[in-house]
Amino acid sequence: MSCKKTKAWQEPSMNRLRDMRILTESWIGAALLVLAGCATHLEFPPMGTPLAASAKLETSSTLKDLTLRYTNTCGQLQEVPLGERLQDALQQGLHRTFDRVIVDGGETTGPPDHVVQVDLVDSAFDLNKEALYDRAPAVIHLNAIARVYDRTGTLLRQTDIAVSRQERLRLEQISKNCDYIIDPFIQDTSIDFATRVALTAKQVAGSYDSLSSTESTTPLPGTLAVAPALSPTPADQPNGPAASSTLRFKALLLDENSDLLLEGGEHIRVRVDIVNTGSTLVEQASASLSGTRLALEHFPTTVLRIPPLQPGQTRSLEFVATLPLLAQPEPAEIRVIVEEHSGAAAPPQTLSFTIAPTGTRGDDVDQVSPQALPVQSSDTSVIAIGLSSTLTQQIPSRKHAAHDAETVAKYFQTLGGVPSSNIALLTDRKATSAQIEKTLREWLPTRSTKDGVVIIYFSGQAMVSPRGEVFLVPYDGTKTPTSLYRLSALESVLAKLNPRQAILIFDGKTAAIIDQTKTPATPRWDLDGENTIRMIAVEGLATGIDDDNHRHGLFTYYLLRGLRGEADTNRDGKITLGEVSGFVRQKVAWASKSQFNATQRPQMIPLLKPDDKAADLVLTTLPSLAASETP
């Protein structure tokens, strides 16, 4: 036993184990290092050079046969062979830890140097399909025991492995939209589980090989969430306060739906933007989190290594977590520290927030963050028109249209950075034919430039002539074409202005001006000009669905959800026209069928290609909670 060794052996043993723990935690941290805009799913951390030893994996039948079962939204039973995924991930982890891994049935030259045995104790899986729309909270709990033996069969370490992961699963946007996108969740769970086992094995086997001991005295913590900052040990630190670092940083907290209401079960990202303000290279530094345990224990790691920074160079890191599910609101605080290996540190910053109970506001798109962006789109002009009522009763009203226009205008101001002076809002009585004409021909030219962007949103009714010509219905419009606003008139305005990009967004109903016995004409939404994009809520003559639950047209509801961040597929914090168009078309087609038992297919005219410049046009930027500097 190691406790019988002399003091001369004990001290280096403890120092080596301490160093091994620090390295273990830094390896875990490296797994979640992401540059701005990169994917945030887990990957195996860099394990360093594999140990010059062989190992064999043994798993219990309960782990191998573990299967998750759930019923999809079409009532079909689905089975996920989680045991197979865990087995594969465990093998990958050992291949990164040892230079030789013995598999069953493979050729061997003798017994392995180490046997890693993993027994599943219990597991739990829950998928709440009653959640709003297509974001169903899912939870996986895995409890196991990992044992590491040497070649003589002596037990070196027994460690509890506990994994608990939460995710909001989205429905697939293909086929019948019945099943959830669960594979990334399963992959993250498998890698999390396997990483814990592999790092346990590496610490034990590394200590055993270097110290020639048969049992380690210091257990590895059973959770990845306990990771101290990578700083010198107390014995290495100089007396007195730590020196100031040349590193400076800004910490931001971003939430999943960009309303800055942090709900249980919601993804959050702590983004740390770091710059080297000095004149020399900084090679060894780290960013770490401390603070409220309730929040910190859900981060897979609380320390990330900062790659070497040249003078003036910047780097962005992200800590990713899922907030815990709560019944009552709980205050939380995250303290962000950036320090060098020498102990020199930048002034720490603190993020203070409240974790709200799950479903506090649901997915209420009317709750826009009050934090307005600094004006960054001064070259963008927005005209938002919404008609929930008309002067006569000839044309049925759209009850949510005015509210749609008001919210869209608010989004472009708050999330899009468009100055209020560049936004014209016309609703109901203010949206007469004369006022629409005046806004387009007199107000817009004073705001728009050739290098600018023009966005025109219209929620209401459109009438179609027998030849397919489209007319927008103003407040004082009737079924007489002369009382309507011709789409061709809008086309002439845009042609004269010739902006860098023009976008027409229509939500509502399209109907024939006169009753037609023969096949009605198809609306001609196409406008001349290569720089005009049309997002139309419906195909042909059809009625856009009113989502009374959310007090919006269904098309506008998903447009708003996309603009507030859900369309940000590359997670760079900027929502582009290409991202929004794809998101809205998929979501509306899915929701109309699954929620309203109807069919609504939005159009994008013309269809955007990945290499189209218009696809990269940034419409909104996600808000964030900024940290305050801590004394």
Side-chain angles (χ1 to χ4, degrees), residues 31 40-44 55-96 101-106 115-131 134-147 158-201 222-224 265 267 298 300 322 324-325 594:
T40 56
H41 287 297
L42 291 183
E43 296 179 357
F44 277 104
K56 181 179 181 181
L57 174 67
E58 295 180 352
T59 55
S60 64
S61 59
T62 54
L63 187 146
K64 293 177 182 177
D65 300 335
L66 179 61
T67 302
L68 302 184
R69 295 179 175 85
Y70 66 94
T71 304
N72 66 17
T73 58
C74 294
Q76 301 165 334
L77 179 64
Q78 302 294 311
E79 294 187 347
V80 179
L82 179 57
E84 295 179 7
R85 301 289 292 272
L86 292 174
Q87 184 88 358
D88 290 344
L90 287 168
Q91 288 284 6
Q92 291 182 51
L94 288 191
H95 277 288
R96 295 166 182 265
V101 177
I102 299 174
V103 297
D104 289 334
V115 174
V116 180
Q117 189 181 87
V118 184
D119 294 326
L120 183 67
V121 178
D122 59 62
S123 64
F125 173 69
D126 180 64
L127 176 62
N128 180 12
K129 294 180 295 182
E130 303 303 319
D134 57 339
R135 290 165 45 195
V139 180
I140 289 181
H141 300 288
L142 298 175
N143 291 303
I145 296 175
R147 300 180 180 91
Q158 176 174 307
T159 300
D160 293 334
I161 304 295
V163 171
S164 180
R165 298 195 67 84
Q166 305 175 53
E167 186 82 65
R168 286 190 176 188
L169 304 184
R170 302 180 186 276
L171 280 169
E172 292 181 340
Q173 301 306 311
I174 57 175
S175 186
K176 296 183 179 179
N177 308 118
C178 294
D179 208 0
Y180 294 94
I181 302 175
I182 196 172
D183 190 72
F185 183 43
I186 298 300
Q187 180 70 2
D188 285 358
T189 302
S190 301
I191 290 179
D192 190 346
F193 185 87
T195 298
R196 298 168 192 260
V197 174
L199 292 179
T200 298
T223 173
L224 295 180
H267 289 307
H298 291 273
T322 302
L325 302 175
S594 63

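- When all heavy atoms are compared, the tightest approach of His298 to Pro324 is NE2-CB, 3.2 Å.
- With sequence neighbours excluded, the residues that form a side chain to side chain contact (heavy atoms under 4.5 Å, CB included) with Thr67 are Arg69, Glu79.
- Listed here is the closest heavy atom pair of Asn143 and Leu120: O-CD1, 3.5 Å.
- When the options Val118, Ile145, Leu142, Thr200 are evaluated for a side-chain contact (heavy atoms from CB on, under 4.5 Å) with Ile161, the one that passes is Thr200.
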What's the verdict on salt bridge (Lys or Arg N to Asp or Glu O under 4.0 Å) for Arg196 and Asp160, showing C-alpha distance, side-chain angles and the deciding distance? CA-CA 10 Å; Arg196 298 168 192 260; Asp160 293 334; over 6 Å; no

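- Separating the CG atom in Leu82 from the CD1 atom in Ile140 is a distance of 5.5 Å, to the nearest 0.5 Å.
- Inspection of the Ser164 and His141 side chains reveals an N or O donor paired with an N or O acceptor under 3.5 Å.
- The shortest heavy-atom contact between Leu94 and Lys56 is CD1-C, 4.4 Å.
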Check step by step if side chain to side chain contact (heavy atoms under 4.5 Å, CB included) holds for Arg147 and Asp119. CA-CA 9 Å; Arg147 300 180 180 91; Asp119 294 326; 2.6 Å; yes

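- Panel note: side chain Thr71, backbone Leu77; no donor-acceptor pair is recorded below 3.5 Å.
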Derivation and outcome, side chain to side chain contact (heavy atoms under 4.5 Å, CB included), residues Glu58 and Val116: CA-CA 6 Å; Glu58 295 180 352; Val116 180; over 6 Å; no

Intermediate values then yes/no, side chain to side chain contact (heavy atoms under 4.5 Å, CB included), Phe125 and Val80: CA-CA 11 Å; Phe125 173 69; Val80 179; over 6 Å; no

